[in-house]
Amino acid sequence: MSAIPISVQASSHLGASAPDYLSGLNPEQLKAVTTVTGPVLVLAGAGTGKTRVLTTRIAHILKLGLARPSEILCVTFTNKAAREMRERAERLIGPAATGLYNLGTFHSIAAQILRRHAELVGLKSTFTILDDDDQVRLLKQIIEGRRIDTKRFPPKTLAHFIDQWKNKGLLPDQVAKLNDEGADFAFGKGAEIYAEYQDRLRVLNACDFGDLLLHTLKIFTQYHEVLAQYHARFKYILVDEYQDTNVAQYLWLRILTNADRNLCCVGDDDQSIYGWRGAEVDNILKFERDYPGAEVIRLERNYRSTKHILAAAAGLIKANSARLGKTLWTEDQAGKKVLVQGIWDSAAEAQWVSEDVEKQKKAGRAYQDMAVLVRASFQMRAFEERFLMLQIPYVVIGGPRFFERAEIRDAIAYLRLIQSPDDDLAFERIINVPKRGIGDATVQKLLMQARVAGQSVMAAVRDLIDTDELPTRARTPLTAFVRDYDRWRELAKTIKHDMLLDTVLTDAGYYDMHRADKVSGQSRLDNLKEMVNSMADFEDLMAYLEHVSLVMELERDAGANSVKIMTLHGAKGLEFPVVYLPGWEEGIFPSQRSMDESGLRGLEEERRLAYVGITRAREEARISFVANRQVYGRWTSQLPSRFIDEMPIEHVEAVSQTGYAQAGWTSQESRWDRAGYQPNYTKREEPKAFGGNLSGVDMSRLEPKPHRPSAPAKPQPSKGLTVGTRVFHVKFGYGEVKETEGNKLIVRFETGDKKVMDSFVEKA
DNA sequence: GTCGGACTTATTTTT
DNA sequence: TAAGTCCGAC
């Protein structure tokens, strides 16, 4: 744990020249970078230079010659984080960064390891990685095979339980002893079906995401010589976002940490927002217990936000109990107080935000300096509608991802089947897409035959088309398909994989199928084109398929010069000068469901989410809540979120004209009243000076008025705003945006197959 | 194989 | 409310 003595002034290791990569670090950061031996926990608050510390640490280890690039294991959660890390490391150490083979996500590194030792867990090294769609379909087969009603016991639900178990590192036999909700699935058959699912995966030579970690974990536990090999290889381990690790990842890291214990975990317990998918805040809380003698370094100097923003966020997070505790500080100016605005209903809320966006724009801010962060995606719609009317360019970040689109999945299934004829799930997906007259009954028959004969479906088809067991009506198209398939396999040996896909999709009539589709065919064809283009960047089909199963994303138009609309979860790791935080109402945020399902733990996670939201702001955070909100078509009366009261009032500004009163509350006791703000609807005594925090105000005394419809908001022509020639490429409901005709941009939105609106935007 | 009506179900989402 | 799924009718 001892810091290797190195200072900016003098270093015997680094020759005469000062290590300039260390210059500009503050004392804590320097310590986090240079304490390279022994376990280290870096508690890095929001905006304290976490990534910089990690990358500089890598550089430092390399410059001191303590390890070669390939001997550093550096794990992240997302591909984006891994990419950013690599880029920044490259800037520090130059081309040597290419040698950082073990910098990547937990899953990609685990997959690499598993490919090398697959046979130890009964797989071949060419195993396929299933996406959750495949996973669900496989489970459906198993459940139906057991004659269990898939309506009462949906495969999706079990898939969710299995994921949770795998997150916790639980294997089927361990689940059997468990008495949880999932084990009760289908009258206590949960564990049994889980076991069967694992067996099927082995037969299919496949694994799901959780298996990547669990299988490697099993190998490390059972084969000491393999573990020893990795202990020798991974001399230094670095972990990003440690607060997001689940139990399986935690165990994985523990076992990979060798006797030298050169493990450095960086994280922030206050930003743990993924509990619902298995993250254990506990992992970071108990780090010191797990690694006795660990050095704990706190990064508390914030380089992002103003004083008011930090103080408001700090007051909020203070209400959480289980924390390691940090006090962020900044040398930045006080700045503006966090604004809190009560509003009548959600349409008015969107109006308020968009007017403010225009005001900011006129005052010289760029659109990309602003972001709207919502709790749940259904809240996005109101903002999209309003932004459209006002012609404010925006981009929705998140939403259905490229590789989750049906057409892309189909194309991948074709490729997967060509790559490995045994891929039954891929076969099933495309055998009748486009329609070849091979119906459900035939497919079931094929599956059955394959199962009985213990062979793959493709092999079963080859056998069956030579017999009389199938009606001619099914045999003819199947024969044709096999013939095509064999041709594609041959073709794959000679032509490049991107050309291969193009040919296959043409031959199979897949393009034609979408060309015939007037509604969304064109956008699907566009997506396929994009896919073919993207394939060129990969060496071969194998490499491409590995990429799509693990990376599952494609660089999308980042939407320069546009307001970002995203969920709070999606905003983690980002920052914006101005952040809008709408929908701070009890039940919405904090989410009722969170609180119902996980009680206090759920509430605390919601609070961390609020904390993440506020700390995204560099200069301005603007919170709003409404009195009336439509939830699933019903009007509901809302109460302001408790989080509002938890922010210290001296760092918060409420707009007097439009505080609770305007939002529709009738209370005489709202905190704004007591803070001296004059509601505009009632006479009251001299405002009293208010001192101190207002948490503890009895919120039950606030009574929202029942909803009365407000006058529909008129679309307002954009005043003096220029919309550039930017191509709008956004999501709206379930439709897509088309574009351009002459000097006009036509933005067409479709919901399902109903056209909703056309919007015309003059090109500037 | 396709269409339409009934029925169900509404967080957060990465790998 | 509104979108997705399922099932029966043609």
Side-chain angles (χ1 to χ4, degrees), chain A residues 75-82 104-111 129-132 135 140 149-152 154-157 160 163 166-167 207-214 241 244-246 248-249 272-279 346 373-382 397-401 403-404 406 432-441 473 546-553 566-573 583 587-598 602 605-606 608-610 612-613 629-636 733-735 750-754 756:
Chain A
V75 276
T76 63
F77 275 85
T78 63
N79 293 295
K80 197 175 152 213
T105 62
F106 275 99
H107 291 86
S108 70
I109 288 168
I129 302 168
L130 300 191
D131 58 26
D132 31 69
Q135 200 184 342
K140 191 168 179 218
D149 183 9
T150 49
K151 237 186 194 151
R152 236 184 112 189
K156 240 195 175 127
T157 311
H160 170 76
D163 273 347
K166 289 188 174 177
N167 284 340
C207 65
D208 61 22
F209 286 118
D211 284 343
L212 294 174
L213 288 161
L214 287 191
E241 306 275 20
D244 285 340
T245 48
N246 60 35
Q249 286 154 340
S272 165
I273 55 174
Y274 285 109
W276 49 275
R277 62 180 201 215
S346 38
L373 311 184
V374 297
R375 173 67 246 263
S377 40
F378 73 84
Q379 293 169 271
M380 292 178 174
R381 196 179 181 124
I397 309 278
R401 280 164 307 155
F403 285 109
E404 277 167 16
N432 205 27
V433 181
K435 302 262 182 301
R436 300 189 172 90
I438 302 165
D440 247 10
R473 203 143 48 90
E546 185 83 356
H547 173 83
V548 290
S549 45
L550 286 173
V551 178
M552 274 291 176
E553 64 176 338
M566 62 179 100
T567 63
L568 286 158
H569 285 91
K572 195 162 118 177
I588 302 283
F589 190 35
S591 137
Q592 192 58 51
R593 195 159 155 187
S594 240
M595 294 188 289
D596 289 347
E597 279 172 11
S598 318
E605 181 154 315
E606 294 288 304
R608 291 193 289 268
L609 201 49
V612 166
R629 185 179 291 282
Q630 259 183 312
V631 182
Y632 307 131
R634 301 236 162 269
W635 280 105
T636 55
Y734 283 74
E750 289 160 356
T751 332
D753 50 3
K754 285 172 287 179
V756 172

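Throughout, protein chains are lettered first and strands after them, A, B, ... in sequence-line order, and every chain is numbered starting at 1.
By the stacking rule of 5.5 Å between ring centres and under 30° between planes, A/Y632 stacks on the base of B/dA10.
Under the side-chain contact (heavy atoms from CB on, under 4.5 Å) criterion, A/T105 pairs with A/T76, A/N79, A/H107, A/S108, not counting sequence neighbours. Contacts of A/S591 classified as side-chain contact (heavy atoms from CB on, under 4.5 Å), with partners at least two apart in sequence or in another chain: A/R375, A/R593, A/S594, A/E606. Residues satisfying the side-chain contact (heavy atoms from CB on, under 4.5 Å) criterion with A/E605, sequence neighbours excluded, are A/W276, A/R608. Residues meeting the side chain to side chain donor-acceptor pair (under 3.5 Å) test with A/T245, sequence neighbours left out: A/N283. A/D163 meets the side-chain contact (heavy atoms from CB on, under 4.5 Å) test with A/Q135; sequence neighbours excluded.
Side-chain N/O atoms of A/N246 include none lying less than 4.0 angstrom from OP1 or OP2 on B/dT15.
At a threshold of 4.0 angstrom between heavy atoms, the contacts of A/D132 include nucleobase atoms, whether or not backbone atoms are also involved. Residue A/N432 is in sugar-phosphate contact alone, with no base atom involved, counting any heavy-atom pair closer than 4.0 Å across all strands shown. When heavy atoms are screened at a 4.0 angstrom cut-off, A/E606 is found touching base atoms of the nucleic acid. Heavy atoms of A/E241 sit nowhere under 4.0 angstrom from any nucleic acid atom. Using a 4.0 Å heavy-atom cutoff across all strands shown, A/S591 reaches at least one base atom of the nucleic acid.
Separating the CD atom of A/E605 from the P atom of B/dT11 is a distance of 17 Å, rounded to the nearest angstrom. Whole-Å rounding puts the A/L609 CG to B/dT12 P distance at 11 Å. One interatomic measurement links the two molecules: CD of A/Q379 to P of B/dT12, which rounds to 9 Å at whole-angstrom precision.
Two residues, A/R436 and A/I273, neighbour DNA chain B, and the one matched to the more 5' nucleotide by heavy-atom proximity is A/R436.
Side-chain contact between A/Q379 and A/I588 is present, with at least one heavy-atom pair separated by less than 4.5 Å. Between A/D244 and A/R277 there is no side-chain heavy-atom pair separated by less than 4.5 Å.
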Every protein N/O within reach of nucleotides 5-9 of chain B N/O, cut-off under 3.5 Å:
none

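Contact of A/R375 with B/dT11 (side chain to base): no donor-acceptor pair of N or O atoms is detected under 3.5 Å.
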